Amino acid sequence: MKLKTLILGFVVFQLLYFPFNTDSFGLIIIPLPGSVGFLLTVVTAVLIVLLAQFTRKSGTKISYAKIALLFSLIFAFFSIFRANFIDRFILSAGSISWGIIGLYLITLKQNRFGSLGELLLLPFQILSDFAQTLKKLFYSFILWAFNKNKTKNSASKFILGLLITTPVTAVLLLLLSAADPIFGHYVNNIFSLQFFRSQILWNTVGRLIFSTLGLMLIAGFIYFKNSSTSRSPFNQFMPKNKTINIPFLMLSLVTCLILIIFLFIQFRYLFLLKNMADLSAYGIYTFSDYVKKGFFELLLTTLIIYTISGIGLVIYRGLKQDKLFLSINTLLIFLNFTLSISVLRRIYLYMEAHGLTKTRYYGIAILLVLMLLLLTILLRYFKAKNKLYIFELLGVSTIFFVFAGINSDYLMGKYAPPTVNQTLDYNYLASLSPDGYELWNEALNEANKSMKLIDQTPYGLYEKIAIVRSYWAMQKINYNLEHLDRFYKNMDVETIKQFNFQEYRAYKNMLNKASSEDIEEILNKLSPTAIYLIQNQEIPHDVYQYIN
């Protein structure tokens with residue numbers, strides 16, 4: 001079974017990772033995340049793991065492994081329906097992560113489970129064990145090739161055959177070349193310096209090298225066994241005495257006091273503010289300027305305090321149920337959770353004022369993950385022996401699956417688009433991925449309106465901004481259409497490997513709305529005026545920086 005699986009994996013490797021064009025034998029193509037090629041890679045990898053590693057034994061560990069491999073397939077499948085690279089990357093990363101967990105559970109000899117911290121270290125553990133597996137396979141091959149107990153040494157026979165065949169072949173080639181000039185011409189070409197410099201030879205050598213590496217990779221995982229024991233990596237930090245108690249209590253208390261003061265001040269401005277004069281005293285003249293500040297700083301603060309709580313949990317377990325320690329760290333977690341809610345409030349207020357961007361969209365996802373982890377770390381303070389890491393793993397996966405799986409580009413562009421001076425930012429709509437291709441049409445319609453302004457001289461500031469922004473928008477749409485046209489206009493076997501359903505859908509629909517020639521025509525009409533306005537600084541610098 002292992003040999004058949006090795007052959008299956010190697011054949012699929014040749015089909016997926018090498019082009020069918022014979023002029024490019026040495027080229028290896030890695031399927032993009034979120035492509036059909038990536039999905040086929042994951043399906044093949046799961047089949048190899050199941051065929052080579054699966055045993056007849058059942059139990060909780062094997063059940064978890066089946067679920068993990070199923071999740072790996074689900075994440076990979078949905079990735080081909082998202083065109084935004086960030087979404088595709090997150091779904092593909094989720095697929096690889098679940099695949100690693102499934103491989104780990106199937107190959108693990110013992111039947112115990114560790115913590116979420118152990119799962120985070122799985123890639124390094126698997127790479128280490130994989131290297132050991134390759135080392136054992138290499139030594140096994142050497143011992144097999146030069147086994148003195150064999151009646152006839154296979155390696156010696158091969159070397160002896162090579163020594164005999166080489167001179168005889170050389171003599172025959174010389175004689176036949178002398179006997180037939182045409183045959184001699186081909187022999188001279190084969191052994192000439194020009195042949196050894198040819199692209200075909202080096203491409204063939206490159207393909208042999210990559211094929212060998214691929215074979216080693218597949219063989220290593222087919223014979224892979226994980227002999228490591230399940231142990232939380234944080235257990236080594238468990239304190240042996242109470243010397244750390246007072247310093248950490250001081251850190252926790254000071255952190256709690258800082259959070260209490262910060263939350264008290266922030267509460268008034270986030271929830272109760274009625275008069276903007278209250279903010280102008282601090283050099284802030286619009287409420288949106290206030291709520292958009294500090295998002296990433298607060299996100300990092302939440303992460304740092306979560307880390308403090310995690311270290312506190314390890315110390316608490318070593319201190320054997322210290323009630324004072326428990327009370328202070330429970331308060332710290334509660335305050336950190338409240339801080340997270342205030343960050344969500346800031347995002348909501350900012351979205352009302354300026355819409356929502358992809359950066360803040362995934363900032364919400366990270367914040368929800370931190371809030372989930374804060375909840376589970378609080379539960380760990382009251383219950384030591386649990387399987388909360390399963391809840392954490394499923395919760396984190398669900399959050400990122402939902403955020404990456406839905407068409408966020410379209411939803412944000414349609415219902416929470418960024419605005420400039422209360423005006424829809426069509427430049428942003430044009431920069432959306434093919435997930436939001438329907439909104440490209442809105443930017444296209446706005447550009448058509450801007451073209452009518454070109455003949456209405458002299459230009460006011462509004463007309464100048466509209467022309468420049470439409471010019472930028474058409475450049476972005478033109479770039480997107482050129483990318484889609486390059487991939488899907490003349491599809492072949494290699495294009496299908498990188499095929500993405502949402503990109504193809506956008507390409508077919510945009511063909512009915514506007515071709516690359518239509519966009520070029522709009523650009524040709526907008527570009528002279530737009531470039532003149534930009535180069536001659538017709539738009540004030542502070543306004544230009546703002547719209548740009």
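Remember, predicted model here, so these are calculated numbers, not experimental data. We number each residue from 1, following the sequence as shown.
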Are any of the side-chain heavy atoms of Asn500 and Tyr504 separated by less than 4.5 Å? no

With Asn427 as partner, the option from Gln475, Glu446, Lys476 fulfilling side chain to side chain donor-acceptor pair (under 3.5 Å) is Lys476

Check step by step if side chain to side chain contact (heavy atoms under 4.5 Å, CB included) holds for Tyr437 and Arg505.
-> CA-CA 9 Å; Tyr437 71 88; Arg505 182 185 176 192; 3.4 Å; yes

Do Asp87 and Tyr362 pair up side chain to side chain, a donor and an acceptor below 3.5 Å, judged on atom types alone?
yes

- request: For Phe401, look at atom CZ and say whether over 12 heavy atoms of other residues, nucleotides or ligands are found less than 6.0 Å away.
  value: yes

Output for pair (Phe78 CZ, Ile80 CD1), nearest 0.5 Å, gives 10.0 Å

Taking the side chain as every heavy atom from C-beta outward, state whether Arg88 and Phe81 have any atom pair closer than 4.5 Å. no

For Leu263 and Leu335, the nearest pair of non-hydrogen atoms, with its separation, is CD1-O, 3.8 Å

In short, Gly413 meets Leu432 closest at the heavy-atom pair CA-CD1, 4.5 Å

message: Is the shortest side-chain heavy-atom distance between Glu442 and Leu439 below 4.5 Å?
response: yes

Please check this pair: side chain of Ser397 against backbone of Leu394, looking for a donor-acceptor N/O pair closer than 3.5 Å. no

Distance col, row Leu298:CG vs Leu303:CG, nearest 0.5 angstrom, shows 12.5 Å

Rounded to the nearest 0.5 Å, the OG1 atom of Thr302 sits from the CG atom of Leu339 at a distance of 4.0 Å

All heavy atoms of Ile48 vs all of Gly9, minimum pair found to be CD1-CA, 3.7 Å

- Query: Within a strict 4.5 Å, meaning less than it, do heavy atoms of the Leu372 and Phe391 side chains meet?
  - Reply: yes

Margin query: Applying side chain to side chain contact (heavy atoms under 4.5 Å, CB included) to Val12 and Leu40, what does each step give before you reach the verdict?
Written below: CA-CA 9 Å; Val12 174; Leu40 293 175; over 6 Å; no

Quiz item: Between Leu69 and Trp98, is any pair of side-chain heavy atoms under 4.5 Å apart?
Solution: no

Note: Val402 and Tyr361 closest approach over all heavy atoms is O-OH, 4.4 Å

Hydrogens and angles aside, do Ser408 and Lys358 bring a side-chain donor and acceptor to less than 3.5 Å of each other? yes

In this structure, CG of Leu251 is separated from CD1 of Ile328 (nearest 0.5 Å) by 11.0 Å

Nearest heavy-atom contact between Ser92 and Gly34 is OG-N, 3.2 Å

Pair Leu50-Val46, side chain to side chain contact (heavy atoms under 4.5 Å, CB included): steps then yes or no:
CA-CA 6 Å; Leu50 292 177; Val46 169; 3.9 Å; yes

By side chain to side chain donor-acceptor pair (under 3.5 Å), Asp435 pairs with (sequence neighbours left out) Arg82

Fill in: Derivation of the side-chain hydrogen bond (donor to acceptor under 3.5 Å, both in side chains) call for Ser433 and Asp409
CA-CA 7 Å; Ser433 74; Asp409 276 19; 2.6 Å; yes

Output field: ring centroids His483/Phe487 closer than 6.0 Å: yes

Note: Ile390 and Tyr64 closest approach over all heavy atoms is CD1-OH, 3.5 Å

Applying side chain to side chain donor-acceptor pair (under 3.5 Å) to Ser95 and not counting sequence neighbours gives Ser72

Checklist entry - Between Trp440 and Pro434, is any pair of side-chain heavy atoms under 4.5 Å apart? => result yes

OG of Ser97 to CZ of Phe400, rounded to nearest 0.5 Å, is 10.5 Å

Checking the side chain of Ser35 only, and the main-chain atoms of Pro31 only, is there a donor and an acceptor separated by less than 3.5 Å?
no

Inset, instruction - Could you go through the side chain to side chain contact (heavy atoms under 4.5 Å, CB included) check for Leu257 and Phe262 one step at a time? - result: CA-CA 9 Å; Leu257 288 174; Phe262 178 82; over 6 Å; no

**OP:** Find out whether Leu368 and Phe403 are in side-chain contact, i.e. whether some heavy atom of one side chain is under 4.5 Å from a heavy atom of the other.
**Re:** yes

Contacts of Thr376 meeting side chain to side chain donor-acceptor pair (under 3.5 Å) (sequence neighbours excluded), chain-then-number -> Glu392

Checklist entry - Between Thr41 and Tyr17, do the side chains contain an N or O donor and an N or O acceptor separated by less than 3.5 Å? => result yes

* Side-chain heavy-atom pair Ile341, Met371 within 4.5 angstrom cut-off -> yes

- Report the C-alpha distance between Phe77 and Phe75 in whole Å, list the side-chain angles of each, state the deciding distance to 0.1 Å, and finish with yes or no for ring-ring contact (aromatic ring centres under 6.0 Å, His included). CA-CA 5 Å; Phe77 176 75; Phe75 271 73; over 10 Å; no

Strictly distance-based, threshold 3.5 Å: is any side-chain N or O of Lys497 a donor or acceptor partner for the main-chain N or O of Val36?
no

Asn336 (side chain) donor-acceptor with Leu331 (main chain) under 3.5 angstrom
no

Check: Parallel, tilted or perpendicular: which fits the ring planes of Tyr415 and Tyr410, with parallel below 30° and perpendicular above 60°?
Finding: perpendicular

Note to self: Tell me whether the rings of Phe10 and Phe13 are parallel (<30°), tilted (30 to 60°) or perpendicular (>60°).
What the structure shows: parallel

d(Leu16 CG, Leu39 CG) to nearest 0.5 Å is 10.0 Å

